[in-house]
Amino acid sequence: IRPHHLFCLLGFKGFGYSRAFVNNMRRISDMIKKGHEFRVNLVIGEDDICLFCPHLSNSNCLKKPDSEIVLQKKEQKIVSLLNVDTSDTVILSVLYEKMREKFTLNMLDNLCSDCQWYSMGDCKKGFKNLKKGGFL
């Protein structure tokens, strides 16, 4: 999973770029919700969520000319703050516990405010739920 998708999953409510994208995101979200022991690898670049995104081309996000570069910088920052190696398989609930401890609402605003979905408020609600001890 791309590190920024950890935040997207917190607020996912069935909106997305296309029906195929939404169905795929829902499938992944549902798999994750089945158990706190779900294991993931964080990747800097295309992941299973990206597969059905209409902006994906040759493993890069082309939503805007600099989207892939911007995303990778954000993801490096997230990985660094979580102190996780992208070569490791990590229990998702452990990642979310680290996010609960290390990230603030202000940090989320800085990371995600340029996303078209962030203004809907679901990601922020999901993050606030996480900060209170909730999970997906």
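Positions are given from 1, in the same order as the sequence printed here.
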K.L.:
Is Phe15 linked to Leu108 within one hydrophobic cluster, defined over Ile, Leu, Val, Met, Phe, Trp and Tyr using a side-chain heavy-atom separation of less than 4.5 Å?
P.N.:
yes
K.L.:
What's the separation between atom CG in Leu10 and atom NZ in Lys131, rounded to the nearest 0.5 Å?
P.N.:
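Going from the CG atom of Leu10 to the NZ atom of Lys131 covers 11.5 Å.
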K.L.:
Closest approach of Leu130 and Arg100, non-hydrogen atoms and distance?
P.N.:
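The pair with the smallest heavy-atom distance is O-NE, 2.5 Å.
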K.L.:
Under the ring-ring contact (aromatic ring centres under 6.0 Å, His included) rule, collect the residues that match up with Phe103, sequence neighbours excluded.
P.N.:
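With neighbours one apart ignored, the set is Phe7.
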K.L.:
Atom OG1 of Thr86 and atom CG of Asn41: how far apart are they, to the nearest 0.5 Å?
P.N.:
8.5 Å
K.L.:
For Asn110, enumerate each residue passing the side chain to side chain contact (heavy atoms under 4.5 Å, CB included) test, keeping only those at least two apart in sequence or located in another chain.
P.N.:
Asn106
K.L.:
Please list all pairs passing the salt bridge (Lys or Arg N to Asp or Glu O under 4.0 Å) test where one or both residues lie in residues 67-91, with sequence neighbours left out.
P.N.:
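Pairs touching residues 67-91 that pass the test: Arg2-Glu68, Arg2-Glu75, Lys74-Asp114.
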K.L.:
Rounded at 0.5 Å granularity, tell me how far CE in Met107 sits from NZ in Lys102.
P.N.:
9.5 Å
K.L.:
Measure across Ser113 and Tyr118 and return the closest heavy-atom pair with its distance rounded to 0.1 Å.
P.N.:
CA-CD2, 3.7 Å
K.L.:
With sequence neighbours left out, write down each residue that passes side chain to side chain donor-acceptor pair (under 3.5 Å) with Arg26, or none if nothing qualifies.
P.N.:
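Once residues adjacent in sequence are excluded, Arg26 has no partner under the side chain to side chain donor-acceptor pair (under 3.5 Å) criterion.
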K.L.:
Could you name each residue pair satisfying ring-ring contact (aromatic ring centres under 6.0 Å, His included) that touches residues 70-91, not counting sequence neighbours?
P.N.:
none
K.L.:
Measure across Ile44 and Pro3 and return the closest heavy-atom pair with its distance rounded to 0.1 Å.
P.N.:
CD1-CG, 4.1 Å
K.L.:
Of all residues at least two apart in sequence or in a different chain, which pass the side chain to side chain donor-acceptor pair (under 3.5 Å) check with Arg39?
P.N.:
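Expected list: none.
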K.L.:
Among all residues two or more places apart in sequence or in another chain, which pass the side chain to side chain contact (heavy atoms under 4.5 Å, CB included) test with Ser18?
P.N.:
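Counting only residues at least two positions away or on another chain, Ser18 forms a side chain to side chain contact (heavy atoms under 4.5 Å, CB included) with Ala20, Phe21, Pro54.
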K.L.:
For Ile69, look at atom CD1 and say whether over 12 heavy atoms of other residues, nucleotides or ligands are found less than 6.0 Å away.
P.N.:
no
K.L.:
Return all side-chain donor-acceptor pairs below 3.5 angstrom for residues 57-64, not counting sequence neighbours, or 'none' if the list is empty.
P.N.:
{"from": "Ser59", "atom 1": "OG", "to": "Glu46", "atom 2": "OE1", "distance (Å)": "2.7"}
{"from": "Asn60", "atom 1": "ND2", "to": "Asn58", "atom 2": "O", "distance (Å)": "3.1"}
{"from": "Lys63", "atom 1": "NZ", "to": "Gln116", "atom 2": "OE1", "distance (Å)": "2.3"}

K.L.:
Can you name the side chain to side chain donor-acceptor pair (under 3.5 Å) partners of Thr104, sequence neighbours left out?
P.N.:
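Counting only residues at least two positions away or on another chain, Thr104 forms no side chain to side chain donor-acceptor pair (under 3.5 Å).
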K.L.:
Does Asp48 have any salt bridge (charged side-chain N to carboxylate O under 4.0 Å, His left out) partners at least two apart in sequence or in another chain, and if so, which?
P.N.:
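With neighbours one apart ignored, the set is empty.
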K.L.:
Identify whether Val79 and Phe127 are in the same connected component of the hydrophobic contact network (ILVMFWY, side-chain heavy atoms under 4.5 Å).
P.N.:
yes
K.L.:
Would you check if Lys98 and Leu81 make a side-chain contact, meaning some heavy-atom pair closer than 4.5 Å?
P.N.:
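The answer is no; the side chains never approach within 4.5 Å.
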K.L.:
May I ask you to decide if Leu6's main-chain N or O and Tyr96's side chain share a donor-acceptor pair within less than 3.5 Å?
P.N.:
yes
K.L.:
Less than 4.5 Å apart, side chain to side chain, heavy atoms only: is that true for Met25 and Cys8?
P.N.:
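Side chain of Met25 against side chain of Cys8, heavy atoms only: contact under 4.5 Å found.
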K.L.:
Does one hydrophobic cluster hold both Met99 and Val84, with members joined at side-chain heavy-atom distances below 4.5 Å?
P.N.:
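Hydrophobic grouping puts Met99 with Val84.
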K.L.:
Which pair of non-hydrogen atoms, one from Met31 and one from Phe38, has the smallest distance, and what is that distance?
P.N.:
O-CD1, 3.8 Å
K.L.:
Nearest 0.5 Å, please: how far is NE2 in His5 from OG in Ser29?
P.N.:
12.5 Å
K.L.:
Considering only heavy atoms from C-beta outward, does the side chain of Arg19 approach that of Asn23 to under 4.5 Å?
P.N.:
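Arg19 reaches Asn23 side chain to side chain.
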K.L.:
Who passes side chain to side chain donor-acceptor pair (under 3.5 Å) against Asp122, sequence neighbours left out?
P.N.:
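Testing Asp122 for side chain to side chain donor-acceptor pair (under 3.5 Å), a comparison that skips the adjacent residues, returns none.
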K.L.:
Give the cluster check for Leu51 versus Leu71: same hydrophobic cluster or not, with ILVMFWY residues linked at side-chain heavy-atom distances below 4.5 Å.
P.N.:
no
K.L.:
Just verifying a value: how many Å separate Ile78 CD1 and Leu42 CG, rounded to the nearest 0.5 Å?
P.N.:
9.0 Å
K.L.:
Which pairs, with at least one residue in residues 45-86 and sequence neighbours excluded, count as a ring-ring contact (aromatic ring centres under 6.0 Å, His included)?
P.N.:
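Matches after skipping sequence neighbours: Tyr17-His55.
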K.L.:
Can you tell me how far apart CG (Leu9) and CD1 (Ile32) are? Round to the nearest 0.5 Å.
P.N.:
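CD1 of Ile32 is found 4.5 Å from CG of Leu9.
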